[in-house]
Structure formats: C-alpha cells, structure tokens
Asker: 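For reference, the structure I am asking about is given below.
In listed order, ligands and their atoms are each counted from 1. All figures in this text were calculated on a predicted structure; none of them were measured in a lab.
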Amino acid sequence: MKLIFSEDRERLYRWIVDQLEEVIDGNPSPLIGLATGATFEPVYQRLIPAIKDRDLSGLHTVNLDEYYPIQRNAPQSFYSYMRSRVFEPLGLDSRQTLVLNGETSDPKCACQAFEAYIRERNGIDLQLLGIGRNGHIGFNEPSHVFEMETHLTQLSDVTIKDNLRYFKSKDSMPLHALTMGIGTIMSAKSIVLLAVGESKKSALQALISGKITPQLPASILKLHPDCTVLIDALAGEDLDWSLGTRI
Ligand code: GLP
C-alpha cells in the first residue's frame, strides 16, 4: 500500500484526475469503479472539464454501493449523486454506467448481475474508494468476516449517524445497503483511496499501524499489489509522513 500525503488537497484531487485520465487514455474500453460521498465531489468537479471533450464512448463505470431500499431518483440515492455530478455532465449513456438498484425486489439477483457485469468487462481497471469513520469501504461495515462478493448489508450505527444528515429523519433513512464485496474491490487492477478531514484521522491511524482485520474493512487493502492511499494534513495529522511520499 503506497501512501501519498499533502498539505494541499488540490494536489490530491489533481493526482486522482491524472490517474483517471491515464486509464481512460490508455485503454479503449476501460471499466472504472466510482465512489460517492462528500470526499469525491471536488474530484468529480475537476474531472468533468478535464475529460468532457474526449471520446468517452468506450468508457464504462460501476459504482461501489447504494442504499437499500431507496427510490432511484430520490435526492439522497447514490444514483442521483452520480447522475447529476458525473453521468449527465459527461453525457454517459445509461448502458455505460451501473449503479446497484436500490429499488430491486430481488437484491441477491441484482448483486449477482453486478458481479457478472464486472466479469464480462474483464474486471475493474481503477477503483476509487473513500473511507468511513469506522474504516468501512463501500458499505462493507466492520464485521467478523470479510464478505467477498457484492451483497446486501446492514448499516452500522456509526454510518447511520454520519449519513443521517442527508435525510429528513432516521425514519426516512434506509438502514441497509447494497455494496460491492471486499473480494470484488480487491480484484480491481488498481485502487485509489482518498481520505480527507479530521473525521478520518483515527480510521487512517488504525489502517496504517494496525493489523488486517474485518473489524477494519479497509485494512485488507494492505494486501493489494497496487493500492495508493491519499491523505490530507487533517486526516494524516497523527501519521508519520516519512512512510510515504509528500506532494
Ligand atoms: C459513505 C459511502 C462510502 C464513502 C464513505 C465516506 O457512506 N458508503 O463509499 O466512501 O461513506 O463518505 P464521505 O466521503 O462523505 O466521508
């Protein structure tokens, strides 16, 4: 796991945009795994002008996760997030983008179809990840096992508390989610995790100095051959920056 630190978030955002451009330019039909969350909004804001004039007809994307159940067009759905911030601005066709369907009556079948889609496209070339305060990736919450395949999961109390701000009340917030599995994430050819802000400090500390455990789902990334973790000054305050590269 490679670490990149910066006091300037802008440099981290630009680094990710450069990686995405490299994957798009280096492959006629790339499959990119996208993430949602507040962390990635500035990345997408910078990505759109950088690539919107390219021929993106060969590009396909999958998203990490979606609340369950949720109406696809609800403002809080990850589908709505992606549609307004990425798919529409880039003019991507609905056949080019796959977000797990929070409306499905058969979550198991939706998860299997999601795995099949990734296999048919020869796997994910680059997967973007954020990290939860509790070390979750996608919606793989702390657990006694790493759930390898895409699945329906229950949100943890920490995640419910953190994401409640997007909903009117706890009663209107979905308590479950569909998430790409840990094995599926790990099979991506390369992975980039972005952690910014003070709230990510202890998860980062545990990730970097702790052991690999399903209690901290992100810790599995230490076993990935091409995973880069980008860390800003606040998230990296307690870390030894000499363990990585400073940009
Ligand atoms: C969300 C998503 C994750 C995301 C994480 C951090 O709930 N399930 O995919 O990476 O939690 O979100 P944020 O970037 O808003 O801190």
Asker: Applying side-chain hydrogen bond (donor to acceptor under 3.5 Å, both in side chains), can you list everything that pairs with R46, at least two apart in sequence or on another chain?
Answerer: E10
Asker: A side-chain contact here means heavy atoms from C-beta on lying under 4.5 Å apart; do I137 and L193 qualify?
Answerer: yes
Asker: Partners of K189 by side-chain hydrogen bond (donor to acceptor under 3.5 Å, both in side chains), sequence neighbours excluded?
Answerer: D125
Asker: Does R246 pair with E7 as a salt bridge, N-O distance under 4.0 Å?
Answerer: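 Salt bridge present between R246 and E7.
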Asker: Of all residues at least two apart in sequence or in a different chain, which pass the side-chain hydrogen bond (donor to acceptor under 3.5 Å, both in side chains) check with T104?
Answerer: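 With neighbours one apart ignored, the set is empty.
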Asker: State plainly whether the residues E237 and K201 are in salt-bridge range, i.e. N to O under 4.0 Å.
Answerer: yes
Asker: Check ligand 1 against the protein and report each N/O to N/O distance under 3.5 Å, formatted as atom name, atom name, distance.
Answerer:
from: ligand 1; atom 1: 7 (O); to: N163; atom 2: ND2; distance (Å): 2.8
from: ligand 1; atom 1: 8 (N); to: D65; atom 2: OD2; distance (Å): 2.8
from: ligand 1; atom 1: 8 (N); to: G138; atom 2: O; distance (Å): 3.1
from: ligand 1; atom 1: 9 (O); to: D65; atom 2: OD2; distance (Å): 3.2
from: ligand 1; atom 1: 11 (O); to: H136; atom 2: NE2; distance (Å): 3.0
from: ligand 1; atom 1: 14 (O); to: A38; atom 2: N; distance (Å): 3.3
from: ligand 1; atom 1: 14 (O); to: T39; atom 2: N; distance (Å): 3.0
from: ligand 1; atom 1: 14 (O); to: T39; atom 2: OG1; distance (Å): 2.4
from: ligand 1; atom 1: 15 (O); to: A38; atom 2: N; distance (Å): 2.9
from: ligand 1; atom 1: 16 (O); to: K200; atom 2: NZ; distance (Å): 2.7

